[in-house]
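A quick write-up on the structure given underneath.
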There are 2 protein chains.
Amino acid sequence: MPNTKNSTRRRGKKLEDAVLSAAWNLVNEVGYKDFTMSEVAKRANAAKPVLYRRWSEKSELVASAIIKYGPKIDVSIPDTGSLREDLIKLFSQLLVIFDTFGTEKLHGLLSDRLKSIPVDKILNATSSENKLTEMIMAVLKHSDDRGELDIKNITSRIINLPGILLINEVVEHEAMDKKTIEDIVDRILLPVFLGQKKAADNN
Amino acid sequence: MPNTKNSTRRRGKKLEDAVLSAAWNLVNEVGYKDFTMSEVAKRANAAKPVLYRRWSEKSELVASAIIKYGPKIDVSIPDTGSLREDLIKLFSQLLVIFDTFGTEKLHGLLSDRLKSIPVDKILNATSSENKLTEMIMAVLKHSDDRGELDIKNITSRIINLPGILLINEVVEHEAMDKKTIEDIVDRILLPVFLGQKKAADNN
DNA sequence: TAAAATAGTATACCGTAGTATCTTAAAATG
DNA sequence: CATTTTAAGATACTACGGTATACTATTTTA
């Protein structure tokens with residue numbers, strides 16, 4: 001504590017913040033591909049090993065910077081009484097991600113992260129406390145309560161489907177708009193979710 | 001190293017084959033991550049620029065080698081009279097890929113390819129006549145002929161779904177077995193495809 | 001057959017991710 | 001306050017993907 005003023009050498013959180021801030025600025029200036037670790041180090045007046053001591057690879061540093069300085073996603077779980085509306089609202093909360101970053105940033109980040117982690121972890125990591133699958137699960141629980149589906153039949157593959165579709169949109173298309181969301185919900189998600197009907201519904 | 005007496009300089013297909021063969025051996029020995037272009041060049045007694053003149057990046061060379069020396073995929077389009085059986089057969093044809101390669105090879109290849117091309121192109125890739133989406137389309141056409149769905153309602157997003165699910169399995173799981181295929185077909189693909197019903201079916 | 005175009009050879013080079021090493025400031029411990 | 005421990009600084013290094021260049025063998029063409 002008595003050091004803060006005169007200290008020439010930053011440590012811990014101070015240093016970490018400086019690096020994350022530099023990383024955030026840089027990724028916004030040059031995008032993901034041209035983002036280099038050396039440049040971040042230079043801008044933060046830090047040494048490269050400092051970066052690698054905290055983030056094991058480029059994509060992790062960028063992900064951290066986005067989590068800290070990127071758009072905050074509304075984490076509220078919609079409960080409108082309609083599965084369709086709930087899903088649309090949930091997806092719409094994610095639109096801000098597309099609005100903030102171009103495809104290039106998301107795309108590059110995605111392929112690099114894919115190198116080290118499985119798909120279902122990608123979304124959780126990027127938004128830390130905002131686990132998409134948990135939110136999906138909550139929405140489906142409400143639907144189950146209304147007797148529209150049987151949540152016991154919802155497998156992990158099905159739970160992951162929204163995330164996968166989201167990632168696919170990132171990779172494949174420039175943007176995700178309201179119309180795309182409705183298309184995904186109506187043509188894919190609802191048929192899949194509601195296809196897992198309660199046994200009583202079957203005959 | 002100057003040529004010993006009668007060493008002719010290889011060109012065209014001869015040279016290409018030597019490189020592909022070396023690449024195939026190498027990727028099987030060391031996997032994708034430790035596969036280096038320099039080592040391929042060395043083994044094929046070729047110069048690096050020769051590789052890059054034909055394949056623009058590492059992932060392309062590896063993909064080419066797999067297409068040439070890897071398992072031949074049955075490209076026949078099933079037509080059993082049942083959409084479910086057709087889809088299961090189609091997916092089962094792809095099992096051989098998982099059997100032949102470990103996840104590491106597919107995983108690394110996938111993330112590198114993702115860097116330069118969109119998801120829906122990954123499977124079609126240089127494999128010329130083996131386009132998954134075309135086969136899906138044919139199977140769906142048969143189903144349409146039987147009046148089970150309306151093919152006009154099948155959007156590109158829906159057509160790409162099988163490929164996306166396949167890629168997801170590559171990334172996320174060790175293997176894809178019969179049970180997985182049935183799960184994907186019954187719980188996801190059939191609900192989605194059959195959800196796009198003909199207007200006449202609506203009661 | 002001679003010239004021109006094509007494409008392989010050899011090698012040096014660049015940029016970046018990521019690591020190793022050695023020194024030194026600052027914090028923790030006692 | 002002295003000692004020990006932690007972690008930053010500085011810098012050099014390795015490995016690899018991919019490119020550039022200069023040279024030369026082979027094929028094409030006229």
Side-chain angles (χ1 to χ4, degrees), chain A residues 1-20 22-23 26-27 29-65 108-109 111-116, chain B residues 1-23 26-27 29-65 108-109 111-117:
Chain A
M1 272 233 235
N3 44 27
T4 13
K5 262 197 203 160
N6 305 345
S7 73
T8 58
R9 191 179 276 194
R10 299 158 301 173
R11 297 171 84 92
K13 191 151 179 8
K14 247 258 129 101
L15 179 57
E16 191 172 314
D17 287 352
V19 172
L20 285 174
L26 184 58
V27 80
E29 282 174 35
V30 304
Y32 185 82
K33 198 168 160 296
D34 293 338
F35 175 104
T36 73
M37 296 298 266
S38 298
E39 180 61 22
V40 173
K42 194 171 143 198
R43 289 186 179 204
N45 290 311
K48 256 200 320 177
V50 165
L51 313 197
Y52 283 99
R53 221 171 274 139
R54 292 174 165 75
W55 301 278
S56 67
E57 57 186 49
K58 168 175 161 175
S59 65
E60 256 191 42
L61 170 55
V62 174
S64 283
L109 186 61
S111 23
D112 265 11
R113 286 193 75 77
L114 205 48
K115 278 186 176 161
S116 36
Chain B
M1 183 174 296
N3 307 330
T4 47
K5 47 180 177 165
N6 63 345
S7 87
T8 48
R9 184 181 281 191
R10 298 161 302 175
R11 318 187 124 223
K13 189 150 179 10
K14 259 255 150 74
L15 180 57
E16 190 172 315
D17 287 351
V19 173
L20 285 174
S21 170
L26 185 59
V27 80
E29 282 174 35
V30 304
Y32 185 83
K33 198 169 160 297
D34 293 337
F35 174 105
T36 73
M37 296 298 265
S38 298
E39 180 61 22
V40 174
K42 194 170 143 197
R43 288 184 179 207
N45 290 311
K48 259 203 311 181
V50 164
L51 313 198
Y52 283 100
R53 216 172 280 138
R54 291 174 165 76
W55 302 277
S56 66
E57 55 185 40
K58 167 175 163 175
S59 66
E60 255 191 43
L61 171 55
V62 173
S64 282
L109 186 61
S111 19
D112 267 11
R113 285 194 76 75
L114 205 48
K115 277 186 176 161
S116 37
I117 64 177

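Convention: sequence-line order gives letters A, B, ...; per-chain numbering from 1. Since this is a predicted model, take the numbers as computed values, not measurements. All values below were derived from every heavy atom in this structure, side-chain atoms included, with hydrogens, water molecules and symmetry-related copies excluded.
In this structure, A:Tyr52 reaches the C:dG18 phosphate: one of its side-chain N or O atoms is under 4.0 Å from OP1 or OP2. Residue A:Thr8 has a polar side-chain atom (N or O) positioned under 4.0 Å from OP1 or OP2 of C:dA26.
Between A:Phe35 atom CZ and C:dT16 atom P there is a gap of 12 Å when expressed in whole angstrom units. In this entry the distance linking NZ of B:Lys48 with P of C:dC14 reads 14 Å, nearest Å. In this entry the distance linking CG of B:Asp112 with P of D:dC16 reads 14 Å, nearest Å. In this structure, the OH atom of A:Tyr32 is 11 Å from the C1' atom of C:dA17, given to the nearest Å. At whole-Å resolution of the value, NZ in B:Lys13 and C1' in D:dT27 are 19 Å apart. Rounded to whole angstrom, the span from the NZ atom of A:Lys33 across to the P atom of D:dG17 amounts to 16 Å.
Not a single donor-acceptor contact under 3.5 angstrom links the side-chain atoms of B:Lys58 to the base of D:dG18.
In this view, B:Ser21 and B:Asn25, B:Tyr69 satisfy the side chain to side chain contact (heavy atoms under 4.5 Å, CB included) rule, not counting sequence neighbours. For A:Tyr52, the side chain to side chain donor-acceptor pair (under 3.5 Å) criterion is met by no residue, not counting sequence neighbours.
Atom NZ of A:Lys58 is separated from atom CG of A:Leu109 by 9.5 Å, given to the nearest 0.5 angstrom. Put simply, CZ on A:Arg9 and CG on A:Leu15 are 10.5 Å apart, with the number rounded to the nearest 0.5 Å. Going from atom OG of A:Ser64 over to atom CZ of A:Arg54 covers 11.0 Å, rounded to the nearest 0.5 Å.
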* Could you run down nucleotides 3-8 of chain D 5' to 3' and tag each one B, S or - for protein heavy-atom contact under 4.0 Å? -> ---BBB
